[in-house]
Amino acid sequence: MPSDPHAELTTAQRLAVEHIDGPLLILAGPGSGKTRVVTHRIAHLVHQGIAPHQIVALTFTNKAADEMRDRATALLGPIDGLQLSTFHRFCARMLRQHAPLLGLTENFTIYDTDDSLRMLRHVLEKQGISSNTFSPRQIAAEISRAKNDLIGATQYCSPHGMPLATAVAEVYPLYQQQLLAAAAVDFDDLLLHVATLLSEHPEIRAELDARYRYVLVDEYQDTNMAQYAILRALSHDHPNLAATGDPDQSIFGWRGANVGNILRFEEDFPNVRVVRLEQNYRSTKAILRTADHLIRHNQLRKHKKLFTHNPEGNPVQLMHYADGRDEADSIALSILEEIKSEQRKASDFAIFYRINALSRSIEFALREHGIPYQLIKGLEFFQRKEVKDVIAYLQLISNPRDDVALLRIINTPRRGIGKKTLTTLINHARLQSLPLLESARQAGLIESIAKATATRVARFVAMYDRFVQEATGSLEELMGLVISVSGYHGNLVDSELEEDQQRLANIEELLTLARQFDQQHPEGGALDQFLQEIALVGDTDDWEEETERVTLMTLHAAKGLEFPIVFLVACEEGLLPHERTRTDADALEEERRLLFVGITRAEQELRLSLARRRDFRGQRMLTIPSQFLLQLPCDEMVQQESFALGGAAFEADHAIEKGEDDQQDPTPQPTNSITADSIQTATEMISTASDPPQTAVSQVDVNQFRVGMRVTHPKYGLGKVAALGGPESARTATIHFATAGVRKFRLKESPLRPVGAKP
DNA sequence: CGTAATGAAATTTTT
DNA sequence: TTTCATTACG
């Protein structure tokens, strides 16, 4: 993307940049220079004399916030007073100022998902409810969904007949109560509390609305209802909300994001100016056309005319492989070849997959060929057990009411304080309405606790008190003390396990972080700030752009990035539209967007692939090509079949002949008949031997089938209706399958289903 | 109280 | 196949 701050802006870009008052919606296609527009707009606002402290720009990730800050700074120099942060950070700050109004203390603790889950388990156990029917995870997910949808604990009611909702209706209020008692909030609360604050205190809302006169939001398509409510509240009297986003890149619906927010923007904010950024600066024409062709199949979207002045580029490739190993191996070989001929460097390549489990085979192949790679994994540093343990000590020091932290560390490392003692302490705490720490303090007074045990508990409390005494010094000092006095350090040092040495190293790293923090906060006493800081930092963002490595990541992780050459593997039913989305039309659209996002990451070359067989969950399965493949411009893509025969692989090229776009039969008979036969036979043999698991076959309306319609069959995969015949009661259909040739069915008893049914 | 053994389940993860 | 969670045992 162009980075020259003084580069010319297109008409559309200028419209957006120079817009000042009133709502603004920037529909930004992939690679359209969105960040550039946003940063230029900030600069423009400031140049127009608007005070930076009246501007707030919100992003979802720290990375995006940092990038935006860097680029805005490049235009304006350091900007004093400008609020530029993530939603969560922004809310945390606001919450701190108004904590008492929400029943919190100012030094509230932020629980990450692991902490919240512990809290939830704690509540479930204490109440002794529904532990069998639903997993804590399921319940946590439902609570999270509710919070994202702006439904508080008191408003949650269970629609009858939904057992999960019934369970949650019982647990949610208790969970929330416990959070408040612990002076803690979960991630969702950060938003929900602020939304509540703004709706229940009109005077505060009005004040903040006036203060944050210009609000900019990035990735608006990813906002949930809580964020939406906050934005609305801040844009009531001064509706200068500028939203940037792209409905086609909404891939976090399952996390509560609501595409409806961006689709509704024009109704929500009258007199809105809508700017479409449709010019793409990233990809070749071939790649962009492929992406556009696919995404047109979505209903929930706003049409954009994507175009680019970039070169045509090589055709997009679609590779068929015999199995996952073959796929991984071929990709590794291609990469190796290009690196060796010095046409490309390793960092030019990225490999995307739908689920992490698919990385394994690829990693293996890359390692085998000595290709350096980096894996972008979701959970990182701050999720590690040892790091969380040490942080829990700090959390408890900062917030003595933090029961989750106490439960985590009271017996870590082992102090002989076991489950029984803990239960007693918990009961005592509940009876006396005390935090667990206070309950522990009184352990000696509780009869049912043995003397020896009580002494152990007392020793823990004494240690804690000592930590609190020392908490005034530097963070590094305190952390060092915690690690050594608690025995955590000693335990690891004594261990000879490789794993424990790694843990030790991680703790060292944590100490380094503390040291750095101390340097930035020379006044000391920065414990609260430190905890807040690390709670809102996901992983350490240790993806190195510079490093000479092939990048492996999930499609979700790929959003916002770009690479010269992209491989997108396992375009197979059940994996790319993931099996769990089969029944839900909206979720299916999201899967399509996911592929769209993946495709549009590619700058120069794109290679999609699928395997005929895939080893998955220890089982060898026959695959069905992704239905999305039929929604690509297959006619202009290069398809290549590669199949291993007795260890030796040979490849057969054939470009697919072109006809009438969508009406064209996308599955012409392969030119190589021997090949086709052998595949078919093999497919049949294996599929009759062991049928892949299928959802129950239900009756379908035979009248919904039309000639030309795309259908899917559990055994034969994707196909198209070539002809219909017979009376309605015994209607037959002739189907041309993508990989299994021509077959005839009696529709009534067939498991054939239309694909992408909407007109 | 801590560990070994068994069995069910199995995306995606900005904070 | 791997991973987790619950349970049974030492």
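Chain letters run A, B, ... following the sequence lines, proteins first and then strands; every chain starts at 1.
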Roughly, in whole Å, what's the span from CD in Q532(A) to C1' in dT15(B)?
12 Å

Which atoms form the tightest heavy-atom contact between Y353(A) and L552(A), and what is the distance?
OH-C, 3.4 Å

Length of the line joining F382(A):CZ and dT14(B):P, which is rounded to integer Å:
14 Å

Rounded distance (nearest 0.5 Å) linking atom OG1 of T623(A) with atom CD of E572(A):
4.5 Å

From CZ of F616(A) across to P of dT2(C) the rounded distance in Å is 13 Å

Decide, yes or no, whether a salt bridge links D114(A) with K385(A) under the criterion of side-chain N to carboxylate O below 4.0 Å.
no

Starting from C1' on dT14(B), measure out to CG on L555(A) and report it in whole angstrom.
16 Å

Can you confirm whether R93(A) is buried at CZ, in the sense that more than 12 heavy atoms of other residues, nucleotides or ligands lie under 6.0 Å from that atom?
yes

Considering only atom P, compute the distance from dC4(C) to dT13(B) and round it to an integer number of Å.
15 Å

Is N62(A) close enough to dT15(B) that one of its side-chain N or O atoms is under 4.0 Å from OP1 or OP2 there?
yes

Side-chain H-bond candidate by donor/acceptor type, T244(A) with D218(A), under 3.5 Å:
no

Please state how far atom CZ in F87(A) lies from atom P in dT14(B), giving the value in whole angstrom units.
17 Å

Side chains of Q532(A) and R89(A): donor-acceptor distance under 3.5 Å anywhere?
no

Going by an N to O cut-off under 4.0 Å, is there a salt bridge joining R614(A) and D323(A)?
no

No-hydrogen, no-angle side-chain donor-acceptor test under 3.5 Å, E219(A) and Q221(A)
yes

The nucleotide from dT15(B), dA5(C), dT13(B) with an atom nearest the side chain of R137(A) is dA5(C)

Distance check, P atoms only: dA5(C) and dT12(B), in whole angstrom units.
16 Å

Does the side chain of R367(A) pick up a donor-acceptor pair with the side chain of Y373(A) at under 3.5 Å?
yes

Would you list the protein and nucleotides 5-11 of chain B atom pairs, both N or O, that sit under 3.5 Å from each other?
| from | atom 1 | to | atom 2 | distance (Å) |
| --- | --- | --- | --- | --- |
| dT11(B) | O4' | H578(A) | NE2 | 3.1 |
| dT11(B) | O2 | R354(A) | NH1 | 3.0 |
| dT11(B) | O2 | R354(A) | NH2 | 2.4 |

Nearest nucleotide by nearest heavy atom, which residue falls closer to the 5' end of DNA chain B, T86(A) or L422(A)?
L422(A)

Just the rounded figure in Å: distance from P of dC4(C) to CZ of R118(A).
13 Å

Under the criterion side-chain hydrogen bond (donor to acceptor under 3.5 Å, both in side chains), which of R592(A), E590(A), Q631(A) is the partner of N298(A)?
R592(A)

Under 3.5 Å donor-acceptor, N261(A) side chain and T223(A) backbone
yes

Phosphate OP1/OP2 of dT13(B) contacted by T554(A) side-chain N/O (<4.0 Å)
yes

Residues within residues 220-232 of chain A bordering DNA chain B, heavy-atom distance below 4.0 Å
D222(A)

Distance-only, no hydrogens or angles: does the D329(A) side chain make a donor-acceptor pair with backbone N or O of D326(A) under 3.5 Å?
no

When all nucleic acid strands are considered with a 4.0 Å heavy-atom cut-off, which category describes R593(A): base, sugar-phosphate, or nothing?
nothing

When the C1' atoms of dT3(C) and dT14(B) are compared, how many Å lie between them, rounded to an integer?
25 Å

F252(A) CZ to dT13(B) C1', in whole Å, measures 6 Å

Base, sugar-phosphate, or nothing for T421(A), non-hydrogen atoms under 4.0 angstrom?
sugar-phosphate

Residues from residues 405-419 of chain A lying under 4.0 Å of DNA chain B - heavy atoms:
N411(A), R414(A), I417(A), G418(A), K419(A)

Separation of dT1(C) P from L358(A) CG (nearest whole Å):
17 Å

